[in-house]
**Q** 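I have a structure I would like to understand better, so I am pasting it below and will then ask my questions one at a time.
Just so we're clear, the structure is a prediction, and the values are computed from it rather than from any experiment. Along the sequence shown, residues carry numbers from 1. Computed over heavy atoms, backbone and side chain alike; hydrogens, waters and symmetry mates excluded.
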Amino acid sequence: MTGTLQVVTLTPNPAIDHTVTLERLVPGAVHRARSEQFEAGGKGIGVAAVLAALGVRVAAGG
C-alpha cells in the first residue's frame with residue numbers, strides 16, 4: 001500500500017514484553033537466561049506494527 005493514508009493508534013495501557021530464552025526448561029529447577037529481549041506491546045502497538053509491515057504510514061501512542 002502506498003499513498004498518503006495514515007493511521008494513528010492509541011494504546012491506553014501499553015506494555016513492555018519481556019522474552020527470555022532458556023537452554024532448556026526443567027520444572028522445579030533454577031534457570032539461567034541465555035538471552036532476553038524487550039519490546040513495546042499492547043493491542044494498539046501490535047496493530048501499528050502490522051499496518052507498518054503492510055506499508056501503511058502509522059503513528060502509535062500510549
**Q** Just grab all the ring pair (Phe, Tyr, Trp, His ring centres under 6.0 Å) pairs involving residues 43-62, residues at least two apart or on different chains.
**A**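 Qualifying pairs, neighbours excluded: none.
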**Q** Quick check for you: to the nearest 0.5 Å, what is the distance between E23 atom CD and R32 atom CZ?
**A**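 If we round to the nearest 0.5 Å, E23:CD and R32:CZ are 13.5 Å apart.
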**Q** Under the rule for side chain to side chain donor-acceptor pair (under 3.5 Å), what residues qualify as partners of T19, not counting sequence neighbours?
**A**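 Side chain to side chain donor-acceptor pair (under 3.5 Å) check on T19 returns nothing, list empty.
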**Q** Where do A60 and I45 come nearest, in terms of heavy atoms and distance?
**A**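 Smallest heavy-atom distance, with atoms named: CB-CD1, 4.1 Å.
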**Q** For residues 43-62, pull every pair meeting ring pair (Phe, Tyr, Trp, His ring centres under 6.0 Å), keeping only residues two or more places apart or in separate chains.
**A**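 Qualifying pairs: none.
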**Q** If you link I, L, V, M, F, W and Y whenever their side-chain heavy atoms are under 4.5 Å apart, who else ends up in the same group as V20?
**A**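 L22, L25, which link up through side-chain heavy atoms under 4.5 Å apart, make up the rest of the cluster.
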**Q** Taking only residues two or more places apart in sequence or in another chain, which ones pass side-chain contact (heavy atoms from CB on, under 4.5 Å) with V26?
**A**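 Partners of V26 under the side-chain contact (heavy atoms from CB on, under 4.5 Å) test: R24, A29, H31.
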**Q** Taking only residues two or more places apart in sequence, or in another chain, which ones meet L10 in a side-chain contact (heavy atoms from CB on, under 4.5 Å)?
**A**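 Counting only residues at least two positions away or on another chain, L10 forms no side-chain contact (heavy atoms from CB on, under 4.5 Å).
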**Q** Pairs in or reaching into residues 40-54: which pass side-chain hydrogen bond (donor to acceptor under 3.5 Å, both in side chains), with residues at least two apart or in two chains?
**A**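 As it turns out, there is no side-chain hydrogen bond (donor to acceptor under 3.5 Å, both in side chains) pair with a partner in residues 40-54 once direct neighbours are skipped.
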**Q** Would you please name every residue forming a side-chain contact (heavy atoms from CB on, under 4.5 Å) with T21, sequence neighbours left out?
**A**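 So T21 forms a side-chain contact (heavy atoms from CB on, under 4.5 Å) with R34, S35.
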**Q** Under a single-linkage rule joining Ile, Leu, Val, Met, Phe, Trp and Tyr whose side-chain heavy atoms are separated by less than 4.5 Å, which residues share a cluster with I16?
**A**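 Members besides I16, by chain and number: F38.
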**Q** Which pairs with one or both residues in residues 39-60 pass ring pair (Phe, Tyr, Trp, His ring centres under 6.0 Å), sequence neighbours excluded?
**A**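 Passing the test, one end in residues 39-60: no pairs.
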**Q** For V7, which residues count as a side-chain contact (heavy atoms from CB on, under 4.5 Å) partner, sequence neighbours excluded?
**A**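 Testing V7 for side-chain contact (heavy atoms from CB on, under 4.5 Å), a comparison that skips the adjacent residues, returns T9, L51, V56, V58.
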